[in-house]
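As structure tokens, the structure follows; a few thoughts come after it.
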Amino acid sequence: MIIHLEYDGLEDFQGELSRIGIFVTDENGSFIVRHADEINDNMIIYNVTPGIYVISAEYIIPDADNIILGSTRVELTLHQVLEIPLKINLNKIQS
């Protein structure tokens, strides 16, 4: 599966981009992917088995709840390569 990251509010963003995590979970909420297989600019590639997944972008804040910046649910079938746009709304982060 190929995830294309699309940012909204990047021009005015005052936070740290390194705090944004991309999480891939199965439909039960269990983390199934620990590391991306490839990262290239605004594209992340994960080699996963067929199934239903939730992909989310979260701003990680120590000792607090993460801020969900965007998420999408996808279903991957056998021999299918999905290209998924993931919109990340940086305007959700308060200064």
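Since the model is a prediction, treat every value here as computed from it, not as a measurement.
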Keeping to residues at least two apart or across chains, list the ring-ring contact (aromatic ring centres under 6.0 Å, His included) pairs with something in residues 5-29. Phe23-Phe31

Straight-line distance of Arg73 CZ to Ile52 CD1, nearest 0.5 Å: 4.5 Å

Enumerate donor-acceptor pairs with a distance under 3.5 Å from any side-chain N or O in residues 75-91 to protein atoms, sequence neighbours excluded.
{"residue": "Thr77", "atom": "OG1", "partner": "Gln80", "partner atom": "OE1", "Å": "2.8"}
{"residue": "Gln80", "atom": "OE1", "partner": "Thr77", "partner atom": "N", "Å": "2.7"}
{"residue": "Glu83", "atom": "OE1", "partner": "His4", "partner atom": "NE2", "Å": "2.9"}
{"residue": "Lys87", "atom": "NZ", "partner": "Glu6", "partner atom": "OE1", "Å": "2.9"}
{"residue": "Asn89", "atom": "OD1", "partner": "Asn91", "partner atom": "N", "Å": "2.9"}
{"residue": "Asn89", "atom": "OD1", "partner": "Asn91", "partner atom": "ND2", "Å": "3.3"}

Inter- and intrachain pairs under salt bridge (charged side-chain N to carboxylate O under 4.0 Å, His left out), touching residues 50-71, at least two apart: none

Does the side chain of Ile3 come within less than 4.5 Å of Thr72's, by heavy atoms? no

Should the heavy atoms of other residues, nucleotides or ligands under 6.0 Å from CD1 of Ile60 be counted, would the total exceed 12? yes

Spacing of Leu5 atom CG and Ile55 atom CD1 [to the nearest 0.5 Å]: 10.0 Å

Only one of Leu69, Ile39, Ile44 passes side-chain contact (heavy atoms from CB on, under 4.5 Å) with Ile22, and that residue is Ile44

Within this structure, what is the CG-OH distance for the pair Asp37 and Tyr46, rounded to the nearest 0.5 Å? 9.0 Å

Looking only at heavy atoms, what is the nearest atom pair of Ile68 and Lys92, with distance? O-CD, 3.3 Å

Considering residues at least two apart in sequence or located in another chain, which fulfil the side-chain hydrogen bond (donor to acceptor under 3.5 Å, both in side chains) criterion with Asp26? none

By salt bridge (charged side-chain N to carboxylate O under 4.0 Å, His left out), which residues pair with Glu16, not counting sequence neighbours? Arg19

Going from CD1 on Ile93 to CD on Gln14, what distance comes out if it is rounded to the nearest 0.5 angstrom? 11.0 Å

